[in-house]
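I have a structure here, written as structure tokens, and I will follow up with some questions on it.
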Amino acid sequence: MAVDAFRLFQLATQGFCCSQIMLILGLDEQGTENPDLIKAMQGLCGGIGRSGKTCGALTGGACLVGLNAGKGSPSEFSHAKINPMINVLLEWFEETHGSIECSGILDHSLDEGNEYPVQCGNIVSTTFSKVYEILAVYTEDPESMDEG
């Protein structure tokens, strides 16, 4: 699933970070909005609280898998393979980017300000596509929707 580059740019210029953009794009796919969820995702910005640790595109991607395959109410079940899906994403991310940490991926310090580097847009775009690729693979198997 390709990301609309203009939409990505629009969200970045509105001040949203990678983790927030991942979920906004996912909610766009569902045709819905959830401002409280987007607020909560701000805690993952800049590698969790702008610490430079785990990249927000990755944590946002894991949350996006959860949004699509997780348990949301007492009466529903998560996808039986939700954790393997997230682990596939994690392994792909680290292999693709050489690190899972913002500070290990970006060419500059996160202390330089709140600007949204172009490099991050590319990472969000490819990670978003990978999430939906993983979801498609795992949801093709009807037996994988058993209780989990």
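These numbers come from the heavy atoms of this one structure, side chains and all, not from hydrogens, waters or symmetry mates.
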Q) Passes side-chain contact (heavy atoms from CB on, under 4.5 Å), V88 versus Y138? Steps please. A) CA-CA 11 Å; V88 166; Y138 279 86; 3.6 Å; yes

Q.
Measuring from atom CG of L44 to atom CG of L58, what distance do you get when rounded to the nearest 0.5 angstrom?
A.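 Going from CG on L44 over to CG on L58, the span is 10.0 Å.
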
Q. What heavy-atom pair brings C102 and G47 nearest, and what distance separates the two atoms?
A.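 Shortest heavy-atom separation between C102 and G47 comes out as SG-N, 3.5 Å.
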
Q) C18 and G56: which non-hydrogen atoms are nearest, and at how many Å? A) CB-C, 3.9 Å

Q | More than 12 heavy atoms from other groups under 6.0 Å of CD on Q30 | A |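 More than 12 within 6.0 Å, yes.
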
Q: Compare all side-chain heavy atoms of L23 with those of C63 and state whether any distance is below 4.5 angstrom.
A: yes

Q: For L27 and I24, run side-chain contact (heavy atoms from CB on, under 4.5 Å): C-alpha distance rounded to whole Å, both residues' side-chain angles, the deciding distance at 0.1 Å, then the answer.
A: CA-CA 5 Å; L27 291 168; I24 292 170; 5.6 Å; no

Q: Grab the two heavy atoms, one from M41 and one from G60, that are nearest each other, plus how far apart they are.
A: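 Result for this residue pair: CE-CA, 3.9 Å.
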
(Q) Counting only heavy atoms not in Q42 (residues, nucleotides, ligands), do more than 12 fall under 6.0 Å from its CD? (A) no

Q) Heavy atoms, side chains only, cut-off 4.5 Å: are T127 and L89 in contact? A) yes

Q: Write down the atom of E94, the atom of I100, and the distance for their closest heavy-atom approach.
A: CB-CG2, 3.7 Å

Q) CD of Q10: more than 12 outside heavy atoms within 6.0 angstrom? A) yes

Q | Reported OG1-to-CD distance for the pair T126 and E133, which is rounded to 0.5 angstrom | A | 11.0 Å

Q.
Set out, in order, the CA-CA distance, both residues' side-chain angles and the distance that settles side-chain contact (heavy atoms from CB on, under 4.5 Å) for N68 and Y132, then state yes or no.
A. CA-CA 9 Å; N68 285 278; Y132 279 95; 3.6 Å; yes

Q.
Quick one, K71 and I82 - any side-chain contact, counting heavy atoms below 4.5 Å?
A.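 No, side chains not in contact.
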
(Q) If I compare all heavy atoms of Q20 with all of C45, which pair ends up nearest, and what's the gap? (A) OE1-SG, 3.8 Å

Q.
Measuring from atom OG1 of T59 to atom NZ of K53, what distance do you get when rounded to the nearest 0.5 angstrom?
A.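 T59 OG1 to K53 NZ: 14.0 Å, rounded to 0.5 Å.
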
